[in-house]
Amino acid sequence: MNIIYKFEDYLKKEIKRIYPDIRDDDFFLNLELSPDTEEGDFGFGCFGIAKLLKKNPQDITENLSESISFPPYIEKVIKRGPYLNFIFDKRFLIEETVSGILKEGSLYGESKWGEGKRILMEYSSPNTNKPQHLGHIRNNLLGMTLSNLLEKAGCKVVKINLINDRGIHICKSMLAYKLWGNSKTPENTGKKGDNFVGDYYVMFEKKAKEDEKLIVQVQEMLKKWEEGDKETIELWKRMNSWVYEGFNETYKRLGAEFDKIYYESETYKLGKEIVLKGLEDSMCYKNDKGEIVIDLSEKGLGEKVLLRGDGTSIYITQDIGNAKLRFDEYDINSSIYIVASEQNYHFQVLFEVLRRFGFEWADQCYHLSYGMVYLPEGKMKSREGTVVDADNLMDELKFMAEAEVKKRARDIEGEQLENISEIIGLSALKFYVLKIHPSKDINFNPVESLSFEGDTGPYIQYTHARVSSLLRKSGMYGDDLAIFTKLGNKEEINIVKNLLNFPKILISSAENYNPSRLANYLLELAKRYNKFYHDHSVLNSGDEELTSGRVALSKSVGIVIKEGLRILGIVAPERM
RNA sequence: GCCCCAGUAGCUCAGUAGGAUAGAGCGACGGUUUCCUAAACCGUAGGUCACAGGUUCAAGUCCUGUCUGGGGUACCA
């Protein structure tokens, strides 16, 4: 527990002593970085307390500043209107923080915030009729990062992928292949499996515009599939296996991992059973077309088909089944769906249906809706082939990064060059996506969006590489020798205060399901360190004790950056 | 039509339970390298936080309306 938490606890006790009417849960006390360094390191506003006591905040500030007996590490208390700011004993602040981080290492920032929270996180959830594009990248990155954040905050997380491997859309690529495939395969064409299949999906959509009969044929094919027709099933298995091979490559490169993979083909029947049971219990009804429909107009959601007239299931049918399966198979108290905002309505309907059907866990389901990714020419559409392909994008970024590495580090070559270029390219992509608030739409312009300078992943990586370089050269200055007495200039203090904030940032990022907070925090930390690095010499400071302290400070910055980037799924290189 | 979401600097975005003087990066202009990684650092210009009301001691943040953009409203997922 770092000094900020300790001091917060101390303040709470003191405030309760002074105002005995205030109870534990009555108020928050959140120490924040003071805006003006001259007037405090950390501080808080007395609005909450004032409201509770129905008094003027300024009077509270006044009273508290006089009545609290402050611990010795508080050098000065500064009142500013309704705010109470504190200036810490610098030496104490620095030593506590830096030595604490050096001791904890990558464990720094772990918390018990999430104790008892058992979360199932569904993300990725691709369809097996097309390769993944930039929208899927955003989904995968959010899922991975949020899982890391929640685990860091003390939650237990199960990561699952629900693969949409069946349905009318899958039959479209199957039919196209059956009609025009000419026994081509990914192997004999040298194409990545998911791309191979995706081409047939696009081909179908094109030809279906000219030939209406194709739609009928697809419907027949789906029916056959659900009846278990041998030939259809075989084609389906064959084509899906191609897609999975392709997906696995993409996942591996992106760093996406799952504890469990569900297939819609394995769960849609359960969904059907539940719907039919609902029909028996009069939760829904059969209309004149034979469709099973639920009326949610009371909730403003209209009427919704749950099962087709021909008995085949649709999207929501399988989602109903899978929702139940998760709670049956895992001991969880929260089920999170990371799915794009275009499906907001679908999830409103789904959760409402689950409630109506009487599942007590329905309220533990949560749709984490994230914004769409747009290209300059509009929305990406797989069926029309107007997308930014995930693999191509990663290749492109790697290629760009390679050029940058070559420019700067001539001695990096061969396999090492490959690795570093990949790491830097991915970092640019991941950071670009994650620094944007999840719920916001992204306007993606490949030329303008991705860069290696400024507020980017590589900028933070670069900061880490600088620290690593210093540490390699620091020689005799080990942790044990660290002497903090000479530290205390403005740049050093700024870094330390930032480092102190890391645990809070992690919790608020996790709590709000918002990795962009962490991303922006890391930028801030890197900026402060680069400013310090520019203004002050670490190894050539001319004073052994000073150098010792600065090396230790640098090391702690390296630890926090590395751990922060890890949570974002980004590797922090030692060199670049 | 109805429902949902968004609108902050030329562009891309932050802005943490309503709280301290609205912040970055890119782009523009100007500067910094015999010295630990210049993917860096510093400075200048650029804002009626879409608009109009309202609530509040306090509004970019909450409420109402308008405008603009996006998504949804399918036997697609």
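In what follows, chains carry the letters A, B, and so on, assigned in the order in which the sequence lines appear, proteins first and then strands, with residues in each chain numbered from 1. The structure displayed is predicted, hence computed values, not measured ones.
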With the side chain of A:Tyr432 defined as its heavy atoms from C-beta on, choose the nearest nucleotide among B:U8, B:A40, B:U12.
-> B:U12

Rounded P spacing from B:C5 to B:U64 in Å | 10 Å

Between protein and nucleotides 67-77 of chain B, map the contacts as a letter string: B base, S sugar-phosphate only, - none, heavy atoms under 4.0 Å, written 5' to 3'.
-> ---SSSS-BBB

Nearest-Å distance once atom C1' is located in both B:A28 and B:C11 = 12 Å

For A:Lys440 and B:A6, give me the distance from atom NZ to atom P, rounded to whole Å.
-> 9 Å

Please state the P separation for the pair B:G53 and B:A59 - nearest whole angstrom.
-> 14 Å

What nucleic acid atoms does A:Glu574 come within less than 4.0 Å of, heavy atoms only: base, sugar-phosphate, or nothing?
-> base

Using a cut-off of 4.0 Å on non-hydrogen atoms, how would the nucleic acid contact of A:Asn85 be classed: base, sugar-phosphate, or nothing?
-> base

Dot-bracket assigned to RNA chain B with the 3.5 Å Watson-Crick/G-U criterion, [ ] for crossing and | for other-strand pairs, is (((((((..((((.....[...)))).(((((.......))))).....(((((..]....))))))))))))....

Using the C1' atom as the reference point in each nucleotide, state the distance between B:A74 and B:G18 in Å, no decimals.
-> 42 Å

Among B:G15, B:A39, B:G25, which nucleotide sits nearest the side chain of A:Asp455?
-> B:G25

Using whole Å, report how far CD of A:Gln348 lies from P of B:C2.
-> 17 Å

Quick one: which of B:U16, B:C41, B:G7 gets closest to the side chain of A:Ser508?
-> B:U16

Taking the six-membered ring for Trp, are the ring centroids of A:Phe351 and A:Tyr337 within less than 6.0 Å of each other?
-> yes

Reckon A:His536 touches a base, only the sugar-phosphate, or nothing at all at heavy-atom distances under 4.0 Å?
-> base

Ranking B:C41, B:A14, B:A39 by distance to the side chain of A:Tyr459, first place goes to B:C41

Any chance the side chains of A:Asn140 and A:Ser124 put a donor and an acceptor closer than 3.5 Å?
-> yes

Can a donor-acceptor pair be found between the side chains of A:Asn287 and A:Glu291 at a distance below 3.5 Å?
-> yes

What is the distance, rounded to the nearest whole Å, between atom OH of A:Tyr533 and atom P of B:U33?
-> 16 Å

Short side-chain N/O contact to B:A39 OP1/OP2 from A:Arg466, under 4.0 Å = no

Looking just at side-chain N and O atoms, do A:Tyr529 and A:Ser554 make a donor-acceptor pair shorter than 3.5 Å?
-> yes

What is the nucleic acid contact for A:Ile424, judged by heavy atoms within less than 4.0 Å: base, sugar-phosphate only, or nothing?
-> base

What integer distance in Å separates A:Ile78:CD1 from B:A20:P?
-> 18 Å

Would you indicate which nucleotide in B:A39, B:C41, B:A14 comes nearest to any side-chain atom of A:Lys527?
-> B:C41

What interatomic distance, in whole Å, is found between P of B:G27 and the corresponding atom of B:G70?
-> 29 Å

Could you give the CG-to-C1' distance, from A:Leu375 to B:U12, as a whole number of Å?
-> 15 Å

Please tell me which of A:Gly43 and A:Leu539 maps to the more 5' nucleotide of RNA chain B, matching each residue to the nucleotide holding its nearest heavy atom.
-> A:Gly43

Could you check which of B:C35, B:U16, B:G15 has an atom nearest any side-chain atom of A:Asn540?
-> B:C35

In whole Å, what separates the C1' atom of B:A9 from that of B:G23?
-> 11 Å

Distance only, no hydrogens: is a donor on one side chain within 3.5 Å (strictly under) of an acceptor on the other, for A:Tyr263 and A:Asn240?
-> no

Mind checking whether A:Leu470 and A:Lys555 have side chains closer than 4.5 Å, heavy atoms only?
-> no

Does A:Arg408 have a side-chain nitrogen or oxygen under 4.0 Å from the phosphate oxygens OP1 or OP2 of B:A39?
-> yes

Would you classify A:Ser537 as touching base, sugar-phosphate or nothing, given that sugar-phosphate means primed atoms plus P, OP1 and OP2, and contacts are heavy atoms under 4.0 Å?
-> base

Separation of the C1' atoms in B:C26 and B:C62, to the nearest angstrom | 33 Å

Among B:G15, B:A40, B:U8, find the nucleotide with the atom closest to the side chain of A:Glu453.
-> B:A40

Determine, using ring centers only, whether A:Tyr432 and A:Phe444 are less than 6.0 Å apart.
-> yes

So which nucleotide from B:A14, B:A20, B:C36 ends up closest to the side chain of A:Lys473?
-> B:C36

Residue pair A:Leu518 / A:Leu522, side-chain heavy-atom distance below 4.5 Å = yes

Heavy-atom side-chain proximity of A:Tyr315 to A:His169 below 4.5 angstrom | no

Rounded to whole Å, CG of A:Asn512 lies from C1' of B:U61 at a distance of 14 Å

In residues 216-227 of chain A, what donor-acceptor pairs under 3.5 Å come from side-chain atoms, sequence neighbours left out?
unit_1: A:Glu226; atom_1: OE1; unit_2: A:Lys272; atom_2: NZ; d: 3.0
unit_1: A:Glu226; atom_1: OE2; unit_2: A:Arg166; atom_2: NH2; d: 2.6
unit_1: A:Glu226; atom_1: OE2; unit_2: A:Ser313; atom_2: N; d: 3.3

How many Å lie between CZ on A:Arg528 and C1' on B:G23, as a whole number?
-> 12 Å

Closest-nucleotide ordering on RNA chain B, the 5'-leading residue of A:Ser451 and A:Leu33 | A:Leu33

Flag the pair A:Lys398 and A:Glu402 as a salt bridge only when some basic side-chain nitrogen lies within less than 4.0 angstrom of an acidic carboxylate oxygen.
-> no

Using atom CD1 of A:Ile442 as one end and atom P of B:C11 as the other, report the distance to the nearest whole Å.
-> 18 Å

Please state the P separation for the pair B:A58 and B:U73 - nearest whole angstrom.
-> 44 Å

Hey, do the aromatic rings of A:Tyr459 and A:Phe431 have their centres closer than 6.0 Å?
-> no

